[in-house]
Amino acid sequence: MEKSFYYSVSWSEVDYLKDTLQSMEIPFAIEQPSDKLKLVPEDVAFVFPDCM
């Protein structure tokens with residue numbers, strides 16, 4: 001998946017957002033902080049594909 005952008009959220013929001021995006025059939029991946037993805041330690045990122 002070519003990554004376009006990401007939206008960082010706290011773990012407490014993951015279930016709600018995951019269920020909502022899946023119900024709308026929006027493609028996404030969930031990623032944790034890494035060397036390439038700098039986030040607050042308590043956050044994860046919803047990563048969305050390039051639309052082009």
Side-chain angles (χ1 to χ4, degrees):
M1 171 173 78
E2 281 291 317
K3 298 174 185 175
S4 178
F5 68 96
Y6 70 92
Y7 181 71
S8 63
V9 299
S10 66
W11 273 104
S12 63
E13 298 176 276
V14 170
D15 287 335
Y16 170 75
L17 290 172
K18 183 176 120 185
D19 291 343
T20 302
L21 292 169
Q22 286 174 334
S23 72
M24 295 188 302
E25 299 182 2
I26 297 173
F28 68 93
I30 298 174
E31 296 186 11
Q32 295 185 0
S34 66
D35 290 340
K36 294 181 181 181
L37 186 61
K38 304 291 184 196
L39 300 171
V40 176
E42 299 84 27
D43 285 1
V44 295
F46 278 78
V47 181
F48 299 92
D50 188 0
C51 297
M52 300 276 173

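- In this structure, W11 is a member of the same hydrophobic cluster as L21, with clusters built from ILVMFWY side-chain heavy atoms closer than 4.5 Å.
- The same ILVMFWY cluster, assembled from side-chain heavy atoms under 4.5 Å apart, contains both Y16 and M24.
- Between P33 and V40, the shortest heavy-atom contact is CG-O, 4.0 Å.
- For S12, the side-chain hydrogen bond (donor to acceptor under 3.5 Å, both in side chains) criterion is met by S10, not counting sequence neighbours.
- S4 and P49 get closest at one heavy-atom pair: CB-O, 3.3 Å.
- Between atom CG of residue D43 and atom OG of residue S8 there is a gap of 5.0 Å, rounded to the nearest 0.5 Å.
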> Passes side chain to side chain contact (heavy atoms under 4.5 Å, CB included), F28 versus L17? Steps please.
Replying inline: CA-CA 11 Å; F28 68 93; L17 290 172; over 6 Å; no
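- Closest approach of L37 to Q32, counting heavy atoms only: CD2-O, 4.0 Å.
- Scanning both residues, F48 and P27, for their nearest heavy atoms gives CD2-O, 3.5 Å.
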> Are F46 and I30 close enough, and set up right, to give a side chain to side chain contact (heavy atoms under 4.5 Å, CB included), and what steps lead you there?
Replying inline: CA-CA 5 Å; F46 278 78; I30 298 174; 4.0 Å; yes
